[in-house]
Amino acid sequence: MSLWEYANPRLFMSWTRSVLPWTFGLAGVCLVVGLIWGFFFTPDDFRQGSTVKIIYLHVPAALMAINAWIMMLVASLIWVVRRHHVSALAARAAAPVGVVMTLIALWTGAVWGQPMWGTWWAWDPRLTSFLILFLFYLGYIALWEAIEDPDTAADLTAILCIVGSIFAILARYAVFFWNQGLHQGASLSLDAEKNVADVFYYPLLICIAGFVLLFVALVLMRTRTEIRVRRIRALQARGQHA
């Protein structure tokens, strides 16, 4: 079976019906284990004290805020190239989840930054690019709501998604583009020497897995809802012309 066949709305609804409960269940297990392990069974940092434990919310949320936009970009490009409606609806479904992840990252970053930097906010390159990304999320959602024709809305939001991807990249790699700024370097890296200590590293990985699974589950659930809404509107349109 071709991968593109899974973009068929009927097939999508079929396989997600059985996948969703497992995805939500695994997400819940990972989040409960990771957060309890991280908050209650890891030591305080010798410099940051117990404040460091915000890492178990901040880092996964920040990663998902960026990757949610990248997922929206890929889905939007599939729509532009292949004109598969499920991909456009998946991009739309991911936006509210992404905006919540971005808001969590901004809020937990402020809570973490205040005792460490002495301020709730600084116009740091990474913080600023994250704030702009948050505004792009809001603009993306507003654009979908403002346009009645779904295909036109999908086309225009795809363009916005491509432009906003610049700030998603900046949010991820700002510390490499500019040396100035208060934000620390990456907590996780392909270079093992740059990762946080193992005592924080393993529960953090579990929390990240939980956030990823939760994102996937929410997007699948919201995409199913978008498909149902589209079907209802199609039936209403047929009834009006009957």
Side-chain angles (χ1 to χ4, degrees), residues 24-71 97-135 137 167-218:
F24 271 116
L26 288 173
V29 170
C30 288
L31 288 173
V32 169
V33 171
L35 292 175
I36 291 177
W37 184 358
F39 281 121
F40 299 104
F41 296 99
T42 59
D44 293 346
D45 183 70
F46 73 102
R47 286 182 179 175
Q48 302 184 43
S50 59
T51 308
V52 73
K53 298 185 181 183
I54 299 176
I55 195 173
Y56 301 112
L57 291 174
H58 178 72
V59 170
L63 286 174
M64 292 315 305
I66 298 168
N67 290 323
W69 191 275
I70 299 301
M71 173 262 163
V97 184
V99 78
V100 171
M101 294 291 183
T102 309
L103 188 60
I104 293 173
L106 289 169
W107 177 73
T108 54
V111 173
W112 196 354
Q114 202 283 328
M116 296 299 103
W117 304 339
T119 180
W120 295 95
W121 179 262
W123 293 103
D124 176 277
R126 179 171 282 189
L127 273 66
T128 304
S129 57
F130 244 93
L131 177 60
I132 297 173
L133 179 62
F134 176 71
L135 297 176
Y137 268 117
F167 293 96
I169 294 171
L170 288 177
R172 175 63 181 87
Y173 296 106
V175 291
F176 301 118
F177 298 149
W178 296 282
N179 290 326
Q180 71 270 23
L182 295 174
H183 199 286
Q184 67 186 44
S187 300
L188 297 175
S189 171
L190 294 177
D191 182 355
E193 295 181 359
K194 295 183 179 180
N195 288 325
V196 296
D198 287 350
V199 68
F200 303 113
Y201 179 72
Y202 294 114
L204 178 57
L205 286 183
I206 296 175
C207 288
I208 291 173
F211 269 75
V212 171
L213 289 168
L214 180 62
F215 171 77
V216 171
L218 290 173

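- A distance of 10.5 Å separates CZ of Phe39 from CD1 of Ile55, quoted to the nearest 0.5 Å.
- For the atom pair CE (Met101) and CG (Leu133), the distance works out to 13.0 Å, reported to the nearest 0.5 Å.
- Not counting sequence neighbours, the partners of Ile132 by the side chain to side chain contact (heavy atoms under 4.5 Å, CB included) test are Thr128, Phe136, Phe167.
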What do the steps show when you test Leu213 against Phe24 for side-chain contact (heavy atoms from CB on, under 4.5 Å), and what is the final call?
CA-CA 7 Å; Leu213 289 168; Phe24 271 116; over 6 Å; no

Under the side-chain contact (heavy atoms from CB on, under 4.5 Å) rule, what do Leu63 and Phe211 come out as? Steps first, then yes or no, please.
CA-CA 9 Å; Leu63 286 174; Phe211 269 75; over 6 Å; no

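- Residues Met64 and Ile208 fail the side-chain proximity criterion, which asks for heavy atoms closer than 4.5 Å.
- Smallest separation of non-hydrogen atoms from Thr42 and Val199: CG2-O, 3.3 Å.
- To the nearest 0.5 Å, atoms CD1 (Ile206) and CD1 (Ile36) are separated by 11.5 Å.
- Between the OG1 atom in Thr102 and the CZ atom in Phe130 there is a gap of 6.0 Å [rounded to 0.5 Å].
- Distance alone, capped at 3.5 Å, is enough to place a donor-acceptor pair between the Tyr137 side chain and the Ala65 backbone.
- In this structure, the side chains of Tyr56 and Trp37 stay at 4.5 Å or more apart for every pair of heavy atoms.
- Remark: Ile104 CD1 to Trp107 CH2 distance equals 9.0 Å, nearest 0.5 Å.
- Every side-chain hydrogen bond (donor to acceptor under 3.5 Å, both in side chains) that Thr108 has, sequence neighbours left out, goes to His58.
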